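The next block holds one structure in the form of structure tokens; read it before the comments.
If you're wondering where the values come from, they're calculated on a predicted model, not measured in any experiment. Proteins get letters first, then strands, A, B, ... in listed order; numbering begins at 1 in each.
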Amino acid sequence: MSQKVSGVKGMNDILPGDVEVWQHVERTAREVFGRFGYGEVRTPIVEDTALFVRSVGETTDIVGKEMYTFEDKGGRSLSLRPEGTAPAARAYIEHSINNQEPITRWFYMGPMFRYERMKTGRYRQFHQIGAEGYGSKEPAHDVEMMDMVVQLLQKLGLTDVSLNINSLGDDTCRPAYQSRLVEHLRAHADELCADCKVRLEKNPLRVLDCKNERCQQIANAAPNITESLCEPCRAHFAEVQRKLDVLGIKYVVNPRIMRGLDYYTRTTFEFIAAHPALGTASTVGGGGRYDKLVKSLGGPDVPAVGFGLGLDRLCLLLKESGQQFAPPVELFIAAADEGSADVAFGLVSRMRREGLRVEFDTRGGSLKSQMKRADKTGARFTLVLGQNERDSGQAQLKPMAGGDAIPVRLDDLASAVREAIARPAAPPAS
RNA sequence: GCGGCCAUAGCUCAACUGGUUAGAGCGCAGGACUGUGACUCCUGAGGUUACCGGUUCGAUCCCGGUUGGCCGCCCCA
């Protein structure tokens, strides 16, 4: 036998049985986002490497060491997208959307790629559902974004998720804050962990994120970013909170929500799930405002805000809830004898055309084996078709959960099945 | 990228400190029941013990490497 083939590390198949959960999340997201007026955008999975270097940031982990980058035959440096915001912004700019409408509401869903050490809820090909709002710098749009996530999570029944918000300031106040922070950290540089000594130079804000105990103490004593905002940023952040209150959305102000991407300004937020199934991968979604991103990519000076949700993680949580998402087979048709196979097959086709979910054992076989098959499929009803039924045009609709069979006319089968399904299940025979 | 744990049937796991034909439950298939599934009983298929090499009379077990998975750190979705 030949060597068995295998998939790429960190990239998973989603098989029937699991895929229904995914479809349910995707369907629900489309429905909820649609209500908010967001339209789906589909961008390529591959982009010019420079797009991510310029937007996500050269010093970030994502660009620094996690991108799948390769050269195509024309010598171009291309990368598998590690996130969805930059490609959306690129498309927004490329099609001059800002000249066509003042406000743009987009969402996307699809695979993203990061070369990382694998864990539960963390894969090299993972999937995000994200949304982008362009053209409004108002806090209302930040809050609309969060509301959209809240409504989606609610609709999915994922209630044990908390919203954490923060503000990173903007070009006016962040540099000033950053230098004050660096000043404070420098004073304690000897006590910082090895990683943080590097962060101090490369990305000092990240020190605030460090889990090391001593670093935390130093970070806690550091100037607080939310107290260092310039007046416009402070007002913006206050209004975000006020509008969250208006909508009755619960949140926590968490100065440690830094985000790992460079393009964020002002508002940042994360949705963090409490469920232990995710382990340390508890962030199911994150986002924020990036008012300078579009311009920095050569586009117009258009403010934007958005988020990304980890579809894989949402599905993990939903699977834990034990809900069933696969629609049941409504009718199974069995042929009692060879001679009835064609008539049965024809009936199956007709019922499917009528819109019923119908199964049939294409291999034929004994009636018994077909009945077993019917049981395995979880069919609500089974109909056995043989000589008697062909002669009389009458058949028995057998409820697989138990109870009396229902006499039906074959001419009338589809509506009879629909009626039987709508009827509350008969009490089990005692 | 760093540290630790693990890998036996489709799935969940056994195999008495290295010993002869590697077992069970579930699942799958067939039968008991030739026009009726599930429950019960019987039977069957399914393994290069992840892969490669080493030690040994002999390796699922010990050692090294590879690949894959899990946990913590880091980071994030």
_Nearest-angstrom distance from the residue atom CH2 of A:Trp22 to C1' of B:A77_ = 11 Å
*asked:* Measuring only the P atom in each nucleotide, how far is B:G46 from B:G23? A whole number of Å is fine.
replied: 14 Å
*Expressed as a whole number of Å, how far does the C1' atom of B:A7 sit from that of B:G44?*
29 Å
*Reckon A:Tyr123 touches a base, only the sugar-phosphate, or nothing at all at heavy-atom distances under 4.0 Å?*
base
*What's the CD-P distance between A:Glu66 and B:C75, to the nearest Å?*
11 Å
*Respond yes when some side-chain nitrogen or oxygen of A:Thr60 is under 4.0 Å from OP1 or OP2 of B:C75, and no when none is.*
no
*Taking CD from A:Glu116 and P from B:G1, how many angstroms apart are they, rounded to a whole number?*
11 Å
*Can you list the stems that RNA chain B is part of, where a stem is at least 3 pairs in a row, each Watson-Crick or G-U, with both distances below 3.5 Å?*
B:1-7 with B:67-73, B:10-13 with B:23-26, B:28-32 with B:40-44, B:50-54 with B:62-66
*How do A:Tyr115 and A:Gly308 order along RNA chain B: which one's closest nucleotide is nearer the 5' end?*
A:Tyr115
*What interatomic distance, in whole Å, is found between P of B:C61 and the corresponding atom of B:C51?*
11 Å
*If you measure from OG1 on A:Thr120 to CZ on A:Arg313, what distance do you get to the nearest 0.5 Å?*
10.0 Å
*Answer yes or no: is there an ion pair linking A:Asp170 with A:Arg266, defined by an N-O contact shorter than 4.0 Å?*
yes
_Salt bridge A:Arg352-A:Glu354, side-chain N to carboxylate O under 4.0 Å_ = no
*When you check the phosphate oxygens OP1 and OP2 of B:C71, does a side-chain N or O of A:Lys119 lie under 4.0 Å from one of them?*
no
*Is A:Arg35 paired with A:Glu31 through a side-chain N to carboxylate O contact shorter than 4.0 Å?*
yes
*Just call it for A:Gly10: base, sugar-phosphate, or nothing, with non-hydrogen atoms closer than 4.0 Å on any strand.*
sugar-phosphate
*Separation between the C1' atoms of B:C63 and B:A24, rounded to whole Å*: 31 Å
*To the nearest Å, give me how far apart CZ (A:Phe126) and C1' (B:C75) are.*
12 Å
*Taking atom C1' in both B:C13 and B:A22, compute the distance separating them and give it to the nearest angstrom.*
13 Å
*Given the C1' atoms of B:C26 and B:A14, what is the spacing between them in whole Å?*
15 Å
*Can you tell me if A:Thr28 uses its side chain to pair, donor with acceptor, with the backbone of A:His24 under 3.5 Å?*
yes
*Any N or O donor-acceptor pair linking the side chain of A:Arg122 to the base of B:C75 at under 3.5 Å?*
yes
*Considering only atom C1', compute the distance from B:A15 to B:U60 and round it to an integer number of Å.*
9 Å
*Do the non-hydrogen side-chain atoms of A:Phe345 and A:Phe360 ever get within less than 4.5 Å of each other?*
yes
*asked:* In the structure I gave you, are the side-chain heavy atoms of A:Val240 and A:Leu244 within less than 4.5 Å of one another anywhere?
replied: yes
*asked:* Work out how far the P atom of B:C71 is from that of B:G64, and round it to whole angstrom.
replied: 25 Å
*Are A:Arg124 and A:Glu66 within salt-bridge range, i.e. N to O under 4.0 Å?*
no
*5'-most contact on RNA chain B: A:Lys9 or A:Gly310, nearest heavy atom basis?*
A:Lys9
_At 4.0 Å (heavy atoms only), tell me whether A:Gly130 reaches a base, stays on the sugar-phosphate, or touches nothing._
nothing
*Is it true that the side chains of A:Gln125 and A:Tyr68 contain a donor and an acceptor less than 3.5 Å apart?*
no
*Between A:Leu15 (CG) and B:C11 (C1'), how many Å, whole number?*
14 Å
_Sidechain N-carboxylate O distance under 4.0 Å for A:Asp18, A:Lys319_ = yes
*Do nucleotides 31-46 of chain B as a string where each nucleotide becomes B, S or -: B if the base has a protein heavy atom under 4.0 Å, S if just the sugar-phosphate does, - if no protein is that close.*
--B-BBBB--------
*When the distance from CD of A:Glu83 to C1' of B:C75 is rounded to whole Å, what number comes out?*
15 Å
*Rounded to the nearest angstrom, tell me the gap between atom CG in A:Leu317 and atom P in B:A77.*
16 Å
*asked:* Distance alone, cut at 3.5 Å: any donor-acceptor contact between the side chains of A:Gln387 and A:Arg390?
replied: yes
*Among the nucleotides B:G69, B:A77, B:G1, which one has an atom lying closest to any side-chain atom of A:Arg117?*
B:G1
_Regarding A:Met118, tell me which of base, sugar-phosphate or nothing describes its non-hydrogen contacts under 4.0 Å with the strands shown._
sugar-phosphate
